[in-house]
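These notes concern the structure reproduced below.
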Amino acid sequence: MKRLISFGVLLAVLCIQLPLSAQKKGKLTPTEKENIKTAKVRIVRYEAPPLNFMSPKDVAGEGLVARVTKSDLADSQEAHRFLPSKLVQENIDSLFRNEGLATNVEVMDEAFEFSMPADLKDLSKYADVEADYIVEVIVPLMGWQASYSPTKWRTYWLNLAVEVRIIRQEDLTRIWKTNVGHGGLKDKQLKFHITELEEDGRAKIAGMLDIAALESSKRVVESFVKAKK
């Protein structure tokens, strides 16, 4: 009997908590798009994870990776933090304004801490935000990395994945989401040989990041324009 009571209590608690953590989902209707053009829009960002630099340490050498990432440790998670989400945030602001998709835009300078998908479902942080719509820029875990081919480990390429969501503030409803990315071996601008990083590797990566961030931002805008729901 006690077990049944305990199970009942646990079930009741879960039922109470589920609505609190559930995320309301709506649609990006033509009316919403028109509203966004003149409504107050705030663009926010989440801290991106560190650059995940794949490296066969016994071959490339820990020293090279440490110099590239500006870290005393060769562990990829200790890599120098570039700012891909900030670049995408700035690009989206500029592109939305230039194309007349949103004219009353405010960019939030301070970033939210990096969050996993489960934590991103909670939109309560926007309850008191003075804006009609919130545009979120998110770089997911492993969304910012330098990868190499198993057969050509000295040849690398950068990849940047971005998730962008739009939240309607009045009822904290997510009305739109898109996932885009840019990079790969076929993109010569983001392809490099490991030895290219031996001289000012940070600047080399930063230059490629500028390209990836801009192209990803363009794809976000394209996805927004094409949305017909």
Listed pairs under 3.5 Å, donor-acceptor, residues 207-218 side chains, sequence neighbours left out:
from: Ser216; atom 1: OG; to: Ala212; atom 2: O; distance (Å): 2.8
from: Ser217; atom 1: OG; to: Asn91; atom 2: ND2; distance (Å): 3.4
from: Ser217; atom 1: OG; to: Ala213; atom 2: O; distance (Å): 2.7

Check: Val139 and Phe114 side chains under 4.5 Å, non-hydrogen atoms: no
With Thr38 via side chain to side chain donor-acceptor pair (under 3.5 Å) - residues at least two apart: none
With sequence neighbours left out, the residues meeting salt bridge (Lys or Arg N to Asp or Glu O under 4.0 Å) with Lys125 are none
In the single-linkage hydrophobic clustering (I, L, V, M, F, W, Y; side-chain heavy atoms under 4.5 Å), do Leu95 and Val180 co-cluster? yes
Is it true that a side-chain atom of Lys33 and a backbone atom of Val225 form a donor plus acceptor pair closer than 3.5 Å? yes
Hey, does Ile134 have a side-chain heavy atom less than 4.5 Å from the side chain of Glu136? yes
Hits for side-chain contact (heavy atoms from CB on, under 4.5 Å) against Ala206, two or more places apart or cross-chain, chain-then-number order -> Phe82
Just how far is it from atom CG of Leu123 to atom CZ of Arg174, taken to the nearest 0.5 Å? 9.0 Å
What's the spacing between Arg45 CZ and Phe112 CZ if we round to 0.5 Å? 10.5 Å
Whether Gln169 side chain and Ala127 backbone form a donor-acceptor pair below 3.5 Å: yes
Is Val44 linked to Ile167 within one hydrophobic cluster, defined over Ile, Leu, Val, Met, Phe, Trp and Tyr using a side-chain heavy-atom separation of less than 4.5 Å? yes
Side-chain ion pair, Glu222 and Arg219, N-O less than 4.0 Å: no
My understanding is that only residues two or more places apart in sequence, or in another chain, count here; which of them pass side chain to side chain donor-acceptor pair (under 3.5 Å) with Lys40? none
For Ile43, is there any backbone N or O sitting under 3.5 Å from a side-chain donor or acceptor partner on Gln89? yes
Honestly curious: do Leu87 and Val162 fall in one hydrophobic cluster under the side-chain, below-4.5 Å linking rule? yes
Got a sec, which residues hit side-chain contact (heavy atoms from CB on, under 4.5 Å) with Ala161, two or more places apart in sequence or on another chain? Pro140
Nearest 0.5 Å, please: how far is CH2 in Trp176 from NZ in Lys25? 15.5 Å
Are Val221 and Val164 connected in a single hydrophobic cluster, I mean Ile/Leu/Val/Met/Phe/Trp/Tyr linked by side-chain heavy atoms less than 4.5 Å apart? yes
List the atom of Leu120, the atom of Ser115, and the distance in Å for their closest heavy-atom pair. CD2-CB, 3.8 Å
Is the count of non-hydrogen atoms from other residues, nucleotides or ligands lying under 6.0 Å from Asn98 atom CG greater than 12? yes
salt_bridge(Asp187, Lys191) N-O dist < 4.0 Å: no
Non-hydrogen side-chain atoms of Tyr133 and Val135 separated by less than 4.5 Å: no
What residues form a side-chain contact (heavy atoms from CB on, under 4.5 Å) with Thr173, not counting sequence neighbours? Lys24, Arg168, Asp171, Ile175
In Å and rounded to the nearest 0.5 Å, what is the CD to CG distance from Glu99 to Leu101? 5.5 Å
Taking all heavy atoms of Leu190 and all of His182, pick out the closest pair and write down the distance. CD1-CD2, 3.5 Å
Please determine whether side chain to side chain contact (heavy atoms under 4.5 Å, CB included) holds for the pair Ile36 and Val41, giving the CA-CA distance in whole Å, both sets of side-chain angles, and the decisive distance to 0.1 Å. CA-CA 7 Å; Ile36 290 173; Val41 176; 4.1 Å; yes
Check the pair Tyr156 / Glu196 against side-chain hydrogen bond (donor to acceptor under 3.5 Å, both in side chains), numbers first and verdict last. CA-CA 10 Å; Tyr156 278 74; Glu196 294 179 51; over 6 Å; no
Would you please name every residue forming a side-chain contact (heavy atoms from CB on, under 4.5 Å) with Glu163, sequence neighbours left out? Ile138, Arg165, Lys177, Asn179
Beyond-backbone contact of Leu172 with Tyr126, side-chain heavy atoms, under 4.5 angstrom: yes
With Ser147, which residues qualify under side chain to side chain donor-acceptor pair (under 3.5 Å), at least two apart? none
Work out which heavy atom in Leu51 is nearest to a heavy atom in Ala146; give both atom names and the distance. CD1-N, 3.8 Å
Which is it for Thr155 and Phe192 under the side chain to side chain contact (heavy atoms under 4.5 Å, CB included) test, yes or no, and what are the steps along the way? CA-CA 6 Å; Thr155 301; Phe192 61 95; over 6 Å; no
Results of side chain to side chain donor-acceptor pair (under 3.5 Å) for Lys86 - residues two or more places apart only: Glu90
Pairs involving residues 102-114, ordered by first then second residue, that meet side chain to side chain donor-acceptor pair (under 3.5 Å) (sequence neighbours left out): Arg42-Glu106
Report yes if the side chains of Tyr46 and Val137 come closer than 4.5 Å at any heavy-atom pair, otherwise no. no
Are Val107 and Ile166 joined in one hydrophobic group, where the rule is that I, L, V, M, F, W and Y side chains link up if heavy atoms are under 4.5 Å apart? no
Residue list, ring-ring contact (aromatic ring centres under 6.0 Å, His included) with Phe96, at least two apart or on another chain: Phe224
